[in-house]
Trainee: 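Below you'll find the structure I mean.
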Protein chains: 2
Amino acid sequence: MSRETTDIRQEQIKKAVLDIIADEGLQNISTRNLAKRIGLSEGAIFRHFPTKRDIIKGIMDDVANDLIGSLRNIVLKPEKAEDKLFKYLCQNVKYLKENRGITMLLFSEAAHLGDKELKEKLNQILYEQKQLIIKMVKDGISEGVWDKSVNAEDIAIIYMGIPITFNIEFVLNKNGLNADNFCRRMYTLILKILKN
Amino acid sequence: MSRETTDIRQEQIKKAVLDIIADEGLQNISTRNLAKRIGLSEGAIFRHFPTKRDIIKGIMDDVANDLIGSLRNIVLKPEKAEDKLFKYLCQNVKYLKENRGITMLLFSEAAHLGDKELKEKLNQILYEQKQLIIKMVKDGISEGVWDKSVNAEDIAIIYMGIPITFNIEFVLNKNGLNADNFCRRMYTLILKILKN
DNA sequence: TACGTTTGTAAGTAAGTGATTACAATATTA
DNA sequence: TAATATTGTAATCACTTACTTACAAACGTA
């Protein structure tokens with residue numbers, strides 16, 4: 001195998017984890033299988049990550065940066081709350097669709113709850129997402145377009161289930177839900193709760 | 001260890017799986033740990049179940065019978081749709097709270113997607129739940145109390161996320177959500193979508 | 001009581017896991 | 001160019017996994 005820098009190898013390894021999860025399922029992300037998919041020896045994996053756990057940690061950091069980052073951008077832009085909500089939902093669903101392995105990896109880690117640090121990282125990701133949604137809702141209320149008697153946190157909770165359900169349907173039944181359509185339909189429902 | 005019938009042992013084994021998941025996390029349901037918790041030798045486990053997979057299968061069958069059964073009872077009773085919806089939601093949340101291990105086990109199996117038969121069983125459970133919700137919504141529309149322009153399937157999708165989110169919050173943050181309160185708050189939101 | 005069936009145990013099995021080692025080949029830099 | 005740091009490999013480690021085997025004890029029943 002030709003030599004590559006640690007930076008490049010780390011990206012390859014993290015990508016391989018997500019690809020394997022999406023293609024073969026979670027139980028196949030052994031370091032052996034990982035090395036095989038990249039075309040590298042198993043020892044080389046441990047040249048670029050000290051432990052397997054650190055690979056997972058790296059992926060979680062990517063989610064925190066990429067997904068949360070892009071969602072934050074949407075929320076912070078000066079736009080109408082209704083438009084932001086729609087874009088937010090679509091972006092969220094799109095990201096999960098394009099990184100199918102991620103939801104499974106995240107919630108598997110939650111379910112295994114062996115590792116406090118990973119659990120804390122996941123908690124952080126979910127918390128930040130919730131705060132962004134709460135902010136959007138409150139902005140909409142300030143704009144005067146949404147019912148001020150709704151509890152922003154309740155909206156955040158019911159919202160969080162949407163991308164998760166989408167992902168589960170996607171895993172169980174690959175062509176179960178049309179993403180664009182799905183996005184707009186769920187948006188309509190949420191809006192009905194929010195409207196005056 | 002004193003002798004017990006296979007029926008009793010099977011129940012003990014299935015219960016132990018769920019208890020271990022709730023207490024120690026999914027990665028600890030090894031046959032060794034299972035035997036230890038019951039106070040039995042590992043070999044005895046395989047006296048009562050041919051494979052570990054059959055234990056999981058047995059648990060899934062229990063869910064299909066117990067949870068889906070009790071939800072079906074609620075839906076089929078001659079009552080107002082609004083009352084049924086509330087009871088349905090509360091029963092669903094209650095069951096997941098009392099059998100904390102189940103949601104994790106189910107979605108872990110989905111994520112590992114190695115086993116077609118288990119995946120099919122999970123699909124069936126989710127499908128039946130969805131059908132029950134759709135029926136409830138359509139009943140409410142027939143009664144004339146709910147907006148007939150809402151898509152019953154969309155309601156089912158957004159509904160499905162609620163118990164899942166509840167469970168995730170419960171796993172990550174043990175006292176995160178008050179179940180009774182939670183139930184009523186989510187009910188209020190769904191009702192706002194459904195109302196004329 | 002005698003006999004066949006059921007339920008139990010202790011000690012194994014082969015296969016897979018994450019991680020390490022000793023060493024070779026390739027870059028980087030003085 | 002010579003010395004050094006980096007990236008690669010093959011072999012192997014100790015450990016865990018689901019599952020099996022050989023045999024013993026307890027049970028129902030004739």
Side-chain angles (χ1 to χ4, degrees), chain A residues 1-18 20-21 23-60 104-105 108-109 111-118, chain B residues 1-18 20-21 23-60 104-105 108-109 111-118:
Chain A
M1 196 61 188
S2 64
R3 276 172 66 106
E4 292 291 351
T5 65
T6 283
D7 284 347
I8 289 177
R9 289 292 186 217
Q10 283 182 342
E11 291 308 313
Q12 288 180 338
I13 292 166
K14 287 186 292 184
K15 183 175 186 315
V17 169
L18 294 179
I20 289 173
I21 293 175
D23 295 348
E24 310 170 30
L26 251 170
Q27 84 262 53
N28 290 303
I29 50 170
S30 66
T31 50
R32 204 142 303 175
N33 196 27
L34 217 47
K36 189 177 142 205
R37 180 173 275 248
I38 305 172
L40 218 55
S41 73
E42 204 179 347
I45 301 283
F46 290 93
R47 265 266 122 77
H48 304 296
F49 282 104
T51 67
K52 186 182 169 183
R53 193 180 151 280
D54 285 280
I55 305 176
I56 309 297
K57 229 169 63 182
I59 293 174
M60 284 193 172
M104 291 190 261
L105 180 67
S108 168
E109 280 308 318
H112 285 75
L113 50 69
D115 193 307
K116 294 239 169 172
E117 196 187 347
L118 293 185
Chain B
M1 197 60 188
S2 64
R3 279 171 63 105
E4 293 290 353
T5 64
T6 283
D7 284 346
I8 290 177
R9 289 293 186 216
Q10 284 182 341
E11 290 307 314
Q12 288 179 337
I13 293 166
K14 286 187 292 184
K15 184 175 185 314
V17 169
L18 295 179
I20 289 173
I21 293 174
D23 295 347
E24 310 169 32
L26 251 171
Q27 84 263 50
N28 290 302
I29 49 170
S30 65
T31 50
R32 198 146 307 174
N33 196 27
L34 218 46
K36 189 178 142 206
R37 180 172 275 247
I38 304 172
L40 219 55
S41 72
E42 204 180 345
I45 301 282
F46 291 93
R47 264 267 122 76
H48 305 296
F49 282 104
T51 67
K52 186 182 170 184
R53 192 178 151 281
D54 286 281
I55 305 176
I56 309 297
K57 227 169 65 179
I59 294 174
M60 285 194 173
M104 290 189 262
L105 181 66
S108 169
E109 280 308 318
H112 286 75
L113 49 71
D115 193 306
K116 293 238 170 173
E117 197 187 347
L118 294 185

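Convention: sequence-line order gives letters A, B, ...; per-chain numbering from 1.
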Trainee: Can you check whether any acceptor in the base of D:dT6 is under 3.5 Å from a donor in the side chain of A:Arg3, or vice versa?
Mentor: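 When only heavy-atom distances are counted, A:Arg3 does reach the base of D:dT6 through a donor-acceptor pair under 3.5 Å.
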Trainee: Could you state the CD1-P distance from A:Ile56 to C:dA19, rounded to the nearest angstrom?
Mentor: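 To the nearest whole Å, that distance equals 11 Å.
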Trainee: Can you say whether a donor on the side chain of B:Arg47 sits under 3.5 Å from an acceptor on the base of C:dG8, or the other way round?
Mentor: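 Counting by modelled atom types and ignoring angles, a donor-acceptor contact under 3.5 Å is found here.
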Trainee: Contact class for B:Ile29 (heavy atom, under 4.0 Å): base, sugar-phosphate, or nothing?
Mentor: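 Sugar-phosphate, backbone atoms only, no base.
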Trainee: Map A:Ala44 and B:Ser30 onto DNA chain D by nearest heavy atom, then report which one ends up closer to the 5' terminus.
Mentor: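 Whichever sits nearer the 5' end wins; that is A:Ala44.
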Trainee: Would you classify B:Ser41 as touching base, sugar-phosphate or nothing, given that sugar-phosphate means primed atoms plus P, OP1 and OP2, and contacts are heavy atoms under 4.0 Å?
Mentor: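 The residue B:Ser41 makes base contact.
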Trainee: Starting at atom CD of A:Glu24, determine the distance to atom P of C:dG16, rounded to an integer number of angstrom.
Mentor: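 Checked: the CD to P distance equals 14 Å.
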Trainee: Strictly distance-based, threshold 3.5 Å: is any side-chain N or O of A:Asn33 a donor or acceptor partner for the main-chain N or O of A:Asn28?
Mentor: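 Flag set: sc A:Asn33 to bb A:Asn28 pair under 3.5 Å.
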Trainee: How would you label the contact of B:Glu42 with the nucleic acid (heavy atoms, under 4.0 Å): base, sugar-phosphate, or nothing?
Mentor: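 The residue B:Glu42 makes base contact.
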Trainee: Partners of A:Glu42 by side-chain hydrogen bond (donor to acceptor under 3.5 Å, both in side chains), sequence neighbours excluded?
Mentor: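 In terms of side-chain hydrogen bond (donor to acceptor under 3.5 Å, both in side chains), with neighbours along the sequence ignored, A:Glu42 is linked to A:Thr31, A:Arg32.
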Trainee: Rounded to the nearest Å, what distance is computed from the CG atom of residue A:Asp7 to the P atom of nucleotide D:dT6?
Mentor: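 It is 13 Å, rounded to the nearest whole Å.
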Trainee: Could you give the CZ-to-P distance, from B:Phe49 to C:dT7, as a whole number of Å?
Mentor: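 Taking CZ of B:Phe49 and P of C:dT7, I get 13 Å after rounding.
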Trainee: Round to a whole Å and report the spacing from CD of B:Glu4 to P of D:dG28.
Mentor: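 Interatomic distance, CD of B:Glu4 to P of D:dG28: 12 Å.
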Trainee: Base, sugar-phosphate alone, or nothing: which one does B:Ile8 contact when heavy atoms must sit under 4.0 Å apart?
Mentor: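 The answer is nothing, as B:Ile8 stays clear of every strand by at least 4.0 Å.
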Trainee: Ignoring hydrogens and angles, does a donor from either the side chain of A:Arg32 or the base of C:dG18 sit under 3.5 Å from an acceptor on the other?
Mentor: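 Answer yes: a donor N or O sits under 3.5 Å from an acceptor.
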Trainee: Give the rounded distance in Å between these two atoms: CZ of A:Phe46 and P of D:dT12.
Mentor: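 Distance check: A:Phe46 CZ to D:dT12 P gives 18 Å.
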Trainee: Base, sugar-phosphate, or nothing for B:Thr31, non-hydrogen atoms under 4.0 angstrom?
Mentor: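 Touches a base.
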Trainee: Say whether, by atom type as modelled, one donor and one acceptor occur between the side chain of B:Gln10 and the main chain of B:His48 under 3.5 angstrom.
Mentor: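 Here the side-chain-to-backbone pair exists.
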Trainee: For B:Ile45, which contact category applies under a 4.0 Å heavy-atom criterion: base, sugar-phosphate, or nothing?
Mentor: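 Touches nothing.
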Trainee: Please check if the number of heavy atoms outside A:Lys14 that lie under 6.0 Å from its NZ is greater than 12.
Mentor: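 Yes.
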